[in-house]
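What you see is a predicted model; the values in this text were computed from it and never measured. Residue numbers start from 1 in every chain, and the chains themselves are labelled A, B, ... in the order their sequence lines are given, proteins ahead of strands.
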There are 4 protein chains.
Amino acid sequence: MQIGMIGLGRMGGNMAKRLAAGGHTVVGYDMSPDSGRDVDSLEALVAALDAPRTVWVMVPAGKPTDSTIDTLYDLLDEGDMVIDGGNTRYVDDARHAEQLAAKGIHFMDCGVSGGVWGIKRGYALMVGGSAEDFERVRPLYETLKPEGEYGLVHAGPVGGGHFAKMVHNGIEYGMMQAFGEGFATMVRSELVSDPAAVMTSWKSGSVVGSWLLDLLADAFKSDPTLKDMPPVANESGEAKWMIEAALELGVPTPATAAALYARQTSRGGGDDTLRVVSTMRAQFGGHVTKA
Amino acid sequence: MQIGMIGLGRMGGNMAKRLAAGGHTVVGYDMSPDSGRDVDSLEALVAALDAPRTVWVMVPAGKPTDSTIDTLYDLLDEGDMVIDGGNTRYVDDARHAEQLAAKGIHFMDCGVSGGVWGIKRGYALMVGGSAEDFERVRPLYETLKPEGEYGLVHAGPVGGGHFAKMVHNGIEYGMMQAFGEGFATMVRSELVSDPAAVMTSWKSGSVVGSWLLDLLADAFKSDPTLKDMPPVANESGEAKWMIEAALELGVPTPATAAALYARQTSRGGGDDTLRVVSTMRAQFGGHVTKA
Amino acid sequence: MQIGMIGLGRMGGNMAKRLAAGGHTVVGYDMSPDSGRDVDSLEALVAALDAPRTVWVMVPAGKPTDSTIDTLYDLLDEGDMVIDGGNTRYVDDARHAEQLAAKGIHFMDCGVSGGVWGIKRGYALMVGGSAEDFERVRPLYETLKPEGEYGLVHAGPVGGGHFAKMVHNGIEYGMMQAFGEGFATMVRSELVSDPAAVMTSWKSGSVVGSWLLDLLADAFKSDPTLKDMPPVANESGEAKWMIEAALELGVPTPATAAALYARQTSRGGGDDTLRVVSTMRAQFGGHVTKA
Amino acid sequence: MQIGMIGLGRMGGNMAKRLAAGGHTVVGYDMSPDSGRDVDSLEALVAALDAPRTVWVMVPAGKPTDSTIDTLYDLLDEGDMVIDGGNTRYVDDARHAEQLAAKGIHFMDCGVSGGVWGIKRGYALMVGGSAEDFERVRPLYETLKPEGEYGLVHAGPVGGGHFAKMVHNGIEYGMMQAFGEGFATMVRSELVSDPAAVMTSWKSGSVVGSWLLDLLADAFKSDPTLKDMPPVANESGEAKWMIEAALELGVPTPATAAALYARQTSRGGGDDTLRVVSTMRAQFGGHVTKA
C-alpha cells in the first residue's frame, strides 16, 4: 500500500522503515529538515499520495497531534483515512473522529508498543475503528506487527485502540514497580549476596519470566547495583489516564496507582504531604515551641 | 498511692508531676543526674518503696526496657507490680510478664497517648493485664487520665494495652497522611488561594474537625505554607507493627500502609525501586545503549 | 437579607430554617409539593424576590444542578446572583459562571459540610468567587456558619469553594478508612477484649480525638460490634474527583485512594481483577487442566 | 548422585522424576502409601542411603517441615546434608541450620519455582548456604534447573534461598495484580469489545510479554470472560512475608501490598473496616437515628 507517515522520530522513523521493507510505498514527513523526510510540508505529503489516501500520524500526543489533525482536515478529501498511532488519550479520539467525519474522512486510532526493538521484533498494535476501515488498511498493520499469530488486535470502535494501549502501559507500570520492589528488598537484606544475579537467574524456569526481566538482566550486565541510575522516574501519562478511567468505571487499580505514585513522589509530588505530617508530629510531640 | 517512676524524660517526667499533683507519692529515677531524680539507682528506688511495690517503667522501647525489666526482676519481690508505660511492641509484653511471673511479680502494659499536652489535658491510657491488677492500681490511672468519662480503658489481657496503643498510633498515621494529601492537593491548585486558611476554617462545623487539625491550625499561624518544614518524616515503629499484625490477621490496612510508606519513601526507602523502573524504561525506550 | 432557596431536602431545608431563624427572608422552592415550599415554580420564586436577587441552589450535582442553572439563566436579570451550594464537581463551576456572566448574572460556588448536625452546629462553608460577591452575601454565610471564629472561608476564585470541599471530603474518606482499619485489626486480635470500648476511650486525651470518633462512639452504644452494618460502602464522588485532580497536579494521594478503593471493592469493582489472579494461579499451579 | 526425597506430592514427586531421569539415584518417601514411595519410613530412607547422605525435604512449610527436620536430626549423622526445598519462611532457616549443625549435619535452603511445568521446563532454583555445600550438591541443582545459562543461583548464606524465593513470589503477586487490574478496566469499558483478545494479542511484540501472560492467554481460550472463576484468591504466605521483611528494612512495597490486600479483601478481611466507614456515614448523614 501507499502511506504517508507524519513524524519520523524514533517510533515513526523506524515504523516507516519497517513498512518500506515490507513492500509499502512510504512518503515521510517531519517538521525537522534533518529527519530524512521525503517531503517538506503536509501539503506536499498530501499531494504526493493517490486518493483515497492513508496518513499515519506519529507525533507527540496533545497539541502536536491536535494541530496535525486540524491541518489534515483542511488538506484531505472525502474517503481519505487518518490513523493516529501516537500516545493520544482515548477521550480525544472521538473528537478527532467526529471532526474528520464532517468531511467524510475516516479515522482510526492505533496504540503501538515496542520501543526501539519494534523495527526488528515488530510492533504490538491495538486498533480502534470500524471493521471496514480495519480491513482496508490491514496490510499496513500486518507488516508492522511481529511475525506469527499475535501482536495485532482490532480492540473496538474508535478510541478502543488507545484505550487498550493505555491499559497495556498501566500494566507495564505495575510490572516494573513489582520488579523494583523486589530488587529493593533484596538490596537491603544481608541474606542476598547479589540481587542482580538472583534476578538474572529467573530468566529461565520462573513464573516471573518476561521481556521486562530480560531487559533488566541485560542492564545488570554493565551495572549490577544500578547505582548509576538516579532514583527518579518520569511518567508518560498513560498510567494516570488508566487510573482515572478505572476510577470512573468503579474499578480499583491499587497496584497501578502505587506504581504511578512512586514516580510522582520521586519528582517531589508528596513533599507537601510530608510537611503536614511532620508539622503535626512536631506540634503534639513538643519538638516545636508553640507561640 | 506510692509509685516508683523509672524514666523522667518528656513523658515520664510530666506523668510523675501529674501523679504527684494528684496526691500520689512518687519516687522518681532516671539515668541522668540532671533529671531531677529522687534516687540515683534502681536499688535505691526499690528500697524507697513499701512492699507490695508498684513501679512504672517509662523508658525507650526495646533494649532499655528489656534491661530495666531484667534488673527489676532481680530487685523486686513477690507481689510487687511492674507497669510498662513505654512504646513496647505488644509481642514483648507476654515475654516480660512470664519472666516476672516466675518470681510472683505482677505485670501490666499501658499504652500512653498525649504528648506534651498530657500533663495538662491528661493522658489517654490503654491498659493490658488482669482485672485484679487493673483494680489494684486504678487510682494511678484515674489520676493520669483526663477528667470525665473517657481516656482510660482496660483493653484486655497482658499485651492488650500496647496492642490498642499500636492501633491508635496506626490510625493517627492514616489521619495525618489524609490531612497531608489534602493540603498538598490544594497547594498545587490555582483555585485555592490559601490552603492554610481553608484548613483552619474547618475547625468548626466540619466533619474533619479533630485535635490533629487544631494542632495544624496552630502551626499555620506562624508558617502557613510549611515551607520551613523539610519534606521528610520519621517513623516510630508502631504503624509498622500494626501493619504487620494486621497482615498476620488477614486484615488489609492500605491507608495505614500508605502513610507509613510515604515516610519510609521520604527517607530513601524507595530509591532502588525507582532505579529498576528507570533502568527498564531506558532499556526499552532506547535511552541507553545496549552492549 | 432576602434569599431564594432552591431544593428543600435534608440539607437545603435545614439551611433555609437556619437562615430564617437568623433573621433572613427565605423564599423556598422544591420540586416536591410536600416539601413545605413557599412557591411552586422557579418563575414564582424569581417573581417573589426583589432585584438584585440572590438564589441559593441546593439540588443534586450534575444534571439537576445544570438544568436549574439553565432555567435561572432564563429567568434572572443582570446583577442577580446564583450560589451553588450543592456537591458540584469544581470543573463545572467555571462553565456555570461563564454561562451566567453572559447575562451579567453573578455566580459563587459554596461547599457545605455539616450533615444533619448543621442546623444546630452551623455549617462549614468554603466559598469560591470574587471578593465583591463574597462581601455582598456575607450576611448569609455568617448566619449559616457555626458561631465563633471558624467555619467560613473564602477559598479562592470561582471553583475554589467546591475544590476545597472536594478535598475536605477526600480527607474525610481517609480518616474514616484509618479508623476502620484500626477497628478491624483489633476485632481479630485476641488481645483486645472490646474494640468499641477502646475506641470510645479515645474521646479524651488522645491524638485521634475527632468529631468522627465521637460519632462512632455514639454508634457503638447501640451496636458495639457493628455486625448489623453490612460490609459495604457507597461513594459520593468527591474523593474520586480529588484523586483525579491530584493525579493531574502530580500529587500522590495513596491514603485517599486506599479509602475510595475499599468502597469500590465492596461494590464488586475488584472482582474481575481477582478472576485474573485466580486464573493465573490455577494455570501455573496445576489446579486446572490445560486443553 | 544419590538422594533421598521426602514428600512426593505435586512438586516433590515431579522433582524426583526429573532427578531420576537425569541419572541420579532417588529414594522417595512420603507419608501416603499411595504416593509411589520407595520406602515407608524416614528410618528406612536414611538406611537406604550411603553416608554422607543428602536428603531433600519437600513438605508443607511450618510444622510438617519442622517435625521432619526434628526427626532427621535424630536419624542423620555428621557430614550428612538436609536441603529444605519447601516454602519455608526464611527466618526459620537459621533455626534449622543451627539445630542440625549441633550434630555436624549440613543445611541448605532452596526456593523452587516452576509449578506443574517444572518437570518439563525445569525448575528455577534459588539456593542459600555455604559455597562448599553448594558445590557438593551442584549436580542435583544442575539436573533440576532448566537447560541453558539461567534458572539456578546461589543467592547467599543460609536463608538466602528462601528469601530470594519469597521476593520472587512477591513480584509474581504484583505482576498478577497488574494484569488483573488491566483486564478489569477493559471489561467495564464500552471501547474494548473483547479484553481477552486484546490481552492475547500482547503475546508478541509487547513490553508486557511474559510467561504469566502466556498462561492467561491459554485460559482465555476456554473462558474469555473468566466468569466461571470466582472473584476470590487465596494467599500462600510469601508475599506477606516479603512485605513484612521490607517493612523492617524500611523499603516500601506498595504494589506488592496492593496485590496481597486484594486477596485478603476477597476473603472478607476488610469487612469490619467498611462497617466502620458506613457507620460513620450513617451518623453524620442522618440515615440512622441517634439514640
Side-chain angles (χ1 to χ4, degrees), chain A residues 10 114-117 172-173 175-177 179-185 187-188 195 211-212 215-216 218-223 225-234 254 258-259 261-263 265-266 268-286 288 290-291, chain B residues 10 114-117 172-173 175-177 179-185 187-188 195 211-212 215-216 218-223 225-234 254 258-259 261-263 265-266 268-286 288 290-291:
Chain A
R10 199 164 47 215
V116 292
W117 306 83
E172 181 191 314
Y173 267 63
M175 291 172 73
M176 293 163 79
Q177 176 73 15
F179 279 114
E181 293 178 5
F183 178 74
T185 302
V187 164
R188 292 215 182 173
W211 193 53
L212 283 168
L215 292 177
L216 182 62
D218 282 344
F220 279 145
K221 286 179 195 167
S222 50
D223 182 7
T225 66
L226 306 185
K227 287 302 178 203
D228 290 342
M229 183 62 66
V232 290
N234 292 321
Y261 287 159
R263 297 192 189 189
T265 300
S266 80
D271 284 1
D272 286 315
T273 299
L274 286 157
R275 288 190 175 99
V276 167
V277 169
S278 281
T279 297
M280 286 176 166
R281 293 190 81 213
Q283 289 287 320
F284 68 72
V288 159
K290 198 190 149 213
Chain B
R10 201 164 46 215
V116 292
W117 307 83
E172 182 191 313
Y173 267 62
M175 291 172 73
M176 291 164 80
Q177 177 74 14
F179 279 114
E181 294 178 3
F183 178 73
T185 302
V187 164
R188 291 215 182 174
W211 193 53
L212 283 168
L215 292 178
L216 183 61
D218 282 344
F220 279 145
K221 285 179 195 168
S222 51
D223 183 6
T225 65
L226 306 185
K227 287 303 178 203
D228 291 341
M229 182 63 66
V232 290
N234 292 320
Y261 287 159
R263 297 191 189 189
T265 301
S266 80
D271 284 1
D272 286 316
T273 299
L274 286 157
R275 288 191 175 97
V276 167
V277 169
S278 282
T279 297
M280 286 177 167
R281 293 191 80 213
Q283 288 287 321
F284 68 72
V288 159
K290 197 191 150 212

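- Contacts between V187(A) and chain B at a heavy-atom distance below 4.5 Å involve the side chain alone, from C-beta outward.
- Each of E172(A), M175(A), R263(A) has some count of heavy-atom pairs under 4.5 Å with chain B, and the biggest count is that of R263(A).
- For the side-chain contact (heavy atoms from CB on, under 4.5 Å) with L226(A), the lone residue among D271(B), L274(B), T279(B) that qualifies is T279(B).
- Take R275(A) and apply the salt bridge (Lys or Arg N to Asp or Glu O under 4.0 Å) test, not counting sequence neighbours, and it matches D272(A).
- Using a distance-only test at 3.5 Å, with no hydrogens or angles considered, no donor-acceptor pair links the side chain of R281(A) to the main chain of M176(B).
- Ranked by heavy-atom pairs shorter than 4.5 Å toward chain B, the options G114(A), P254(A), A219(A) are led by A219(A).
- Partners of F179(B) by ring pair (Phe, Tyr, Trp, His ring centres under 6.0 Å), not counting sequence neighbours: none found.
- Looking at heavy atoms from C-beta onward, Q177(A) lies in side-chain contact with T273(B) at the 4.5 angstrom threshold.
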**OP:** Any chance you could lay out the side chain to side chain contact (heavy atoms under 4.5 Å, CB included) test for L212(B) and F284(A), step after step, and finish with the verdict?
**Re:** CA-CA 8 Å; L212(B) 283 168; F284(A) 68 72; 4.0 Å; yes

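- Within the model, atoms CG of L215(B) and CE of M280(A) stand 7.5 Å from one another, a figure rounded to the nearest 0.5 Å.
- Neither the backbone nor the side chain of D223(A) comes within contact range of chain B; no heavy atoms are under 4.5 Å apart.
- Ranked by heavy-atom pairs under 4.5 Å with chain A, the list A259(B), G270(B), S266(B), P195(B) is led by S266(B).
- Heavy atoms of R188(A) lying under 4.5 Å from chain B belong exclusively to its side chain.
- Contact tally against chain B (heavy-atom pairs below 4.5 Å) for G182(A), G268(A), A233(A): the top residue is A233(A).
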